[in-house]
Amino acid sequence: MQKTLTLTKIFVLLFTVVGLISCNPSTEQEESSSLPRIAIAGLAIESSTFSPAVTEETAFHAKSGDDIFSYYPFMASDSANRKRAEWIPTVKGHAIPGGIVSKEAYESLMGKTLTMLKENGPYDGLFFDIHGAMSVQGVDDPEGDMIERIREVIGEEPIISTSMDLHGNVSHKLAKHSDIITCYRLAPHEDALESKKRAMDNLLERLESGEGKPAYKAYIPVPILLPGEKTSTRIEPGKSLYAKVAPAADQEGVVDAAIWIGYAWADEPRNHGVVMVTGDDKEKVGRTAEDLAESFWAVRDEFDFVAPTATLEEALDAAVKSDKVPFMISDSGDNPTAGGAGDVTWTLKEILARPEFKSADGPSLIYASIPGPELIKAAVEVGVGGEVEAPVGAAVDNRFAGPITLKGTVEAIEHGDRDAETEVVVKVGSVHVIVTNKRKPYHHESDFTNLGLNPKETDIVVVKIGYLVPELYNMRADWLLALTPGGVDQDLMRLEYNRIKRPMFPFDAGMEDPDLSVQWIPLSHE
């Protein structure tokens, strides 16, 4: 009897274990099917309509499927967010700022995005990761067009959380189809990844809690159009203005709050400042939006350049006389990270014409950079140490100066850069000119040291940039922002705007105070 009972217990235990094992797959399947299904999509670029350059599809280096996760360190395979949803990455592309995007490139990338969305639905949400300042041939509001076409595929019910650069533009169409929307709170954008994660976290929380779309979206256009170099959060008034955003967003009843400076180098009706607040407490959402908009307008006259400005001649005079090393000069008008063509030769021509730099023992100067495929080819043929003579620059933007024939010694050749493809350093007098096969911004110390250059011990470093990014900013001993010509001229008054909404500060300095009361944006399904 005792033996029978023992065997019975053993069989019961075995059946229980087998039952548990057989149940596990279905349990895991149930858990997986209970997770929200969230798509990821977006295209990002700043496009200057004042530049003659045209951006093609290859510039976006678009990724699709699981490769998209590499954009987001917080979405590693073992991360918490990765496990909180069933993710469906479609197409994500991010281009160096440049000229207007060709219609063919835009339609190709959008076609791939929409096809993947159609094939993998349905969805509970979509993480829409964009910049907000893309211009496309024949399309006035590309981001608004993108999200509208995405809605046609995924339907009105999924929650779309939009993540943007604070230099992007928010049209009514973009606001209408976005359920949650946010942007960076720092310029330079040291909080870019933090902002993208916030947009994703907001989306996940609304889906997991069952709260769904925020009930209210407050939208206030602010008629201010200023370059990022005047609105940096490193200095006042941008520093204090943007310090108000996080506390505003952290209120009970508010999901998120944001201030967009807008993009200054596109002549389009949507280009201006915007404040948006989303949330469930209508009174608090509206009041918060109006407070932020009024704060923005109140400090409009206080915005000034992040660094002392000068003509190029004044900047070079000061740098030559200075004993501070390195003395940095921003060649701001052709800044490729703001949308400049990156191949304007005007500044380099002026530098090479100065007597101080004609001999090898003159003040050392690095110029970064100028595209020159012909010189690259010639340099590769003669090798390091060889003499080269070939034209560079002005293949795209020759409005201010034509191509320059560089004649000098090849000091470095590097292949394989993601943007430049091939880089060559040519020594002309005391100037080290970095020549690239394709345009590239030089933002990191390693960009120079990889080429055998030491910017920290160079007398003068001239970079095609506006405000200095963190590594360059921390490296500088002194700095002047040169008001040079180009597709992203910092002197906006020198540009011909015909289509922006007027009146607009600072173009209409005596304009009356605008109406900064809330415009309520309908929910995406209404």
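Atom set for the values below is all heavy atoms of this structure, side chains included, hydrogens, waters and symmetry mates excluded.
For His189 and His167, the distance between ring centers is under 6.0 angstrom. Checked against a 6.0 Å centroid threshold, the rings of His172 and Tyr219 count as neighbours. The six-membered or imidazole ring of Tyr497 lies near that of Phe50, with a centre-to-centre distance under 6.0 Å. For an aromatic pair to be called close, the ring centres must be under 6.0 Å apart, and Phe127 with Tyr72 satisfies this.
Under the 3.5 Å distance criterion, the side-chain polar atoms of Asp141 are matched with a main-chain donor or acceptor of Gly144. Between the Asp124 side chain and the Pro158 main chain, no donor and acceptor come within less than 3.5 Å of each other.
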*Step by step, would you call Thr49 with Trp265 a side chain to side chain donor-acceptor pair (under 3.5 Å)?*
CA-CA 6 Å; Thr49 63; Trp265 294 291; over 6 Å; no

_The test is side-chain contact (heavy atoms from CB on, under 4.5 Å); show your working for Asn81 and Arg84 and say whether it passes._
CA-CA 5 Å; Asn81 273 14; Arg84 290 170 70 183; 3.1 Å; yes

*Check step by step if side chain to side chain donor-acceptor pair (under 3.5 Å) holds for Ser161 and Asn202.*
CA-CA 8 Å; Ser161 181; Asn202 287 341; 5.6 Å; no

*Met146/Phe128 under side-chain contact (heavy atoms from CB on, under 4.5 Å): CA gap, chis, key distance, verdict*: CA-CA 10 Å; Met146 286 170 64; Phe128 192 43; 3.7 Å; yes

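Here Asp256 pairs with Arg198 in a salt bridge; the nearest charged N to carboxylate O distance falls below 4.0 Å. A salt bridge links Asp129 with Lys196: at least one charged nitrogen is closer than 4.0 Å to a carboxylate oxygen. Of the charged side-chain nitrogens involved, none lies within less than 4.0 Å of a carboxylate oxygen, so that Asp250 and Lys284 do not count as a salt-bridged pair.
Looking at Ser295 and Lys244, their side chains do bring a donor and an acceptor atom within 3.5 Å of each other. Counted by atom type alone, Ser195 and Asp191 present one or more donor-acceptor pairs between their side chains at under 3.5 Å. The closest side-chain donor-acceptor pair between Thr436 and Glu423, if any, does not fall under 3.5 angstrom. No side-chain donor-acceptor contact under 3.5 Å links Lys440 and Ser369.
Between Ser332 and Ile465, every side-chain heavy-atom pair lies at or beyond the 4.5 Å cut-off.
Both cation-pi conditions hold for Lys63 and Tyr71: the charged atom is under 6.0 angstrom from the six-membered ring centre and inside a 45 degree cone around its axis. Cation-pi check for Arg300 over Trp297 is met; the charged atom lies under 6.0 angstrom from the ring centroid and within 45 degrees of its normal.
Residue-environment remark: NZ (Lys173) exceeds the threshold of 12 foreign heavy atoms within 6.0 Å. By the 6.0 Å contact criterion, CD on Glu252 is open, its count of non-hydrogen atoms from other residues, nucleotides or ligands being 12 or less.
Listed by first and then second residue, the salt bridge (Lys or Arg N to Asp or Glu O under 4.0 Å) pairs that reach into residues 219-239 come to none, sequence neighbours excluded.
Between Leu523 and Tyr216, the shortest heavy-atom distance links the atoms CD2-N, 4.4 Å.
Atom NE2 of residue His444 and atom CG of residue Asn450 lie 11.0 Å apart, to the nearest 0.5 angstrom.
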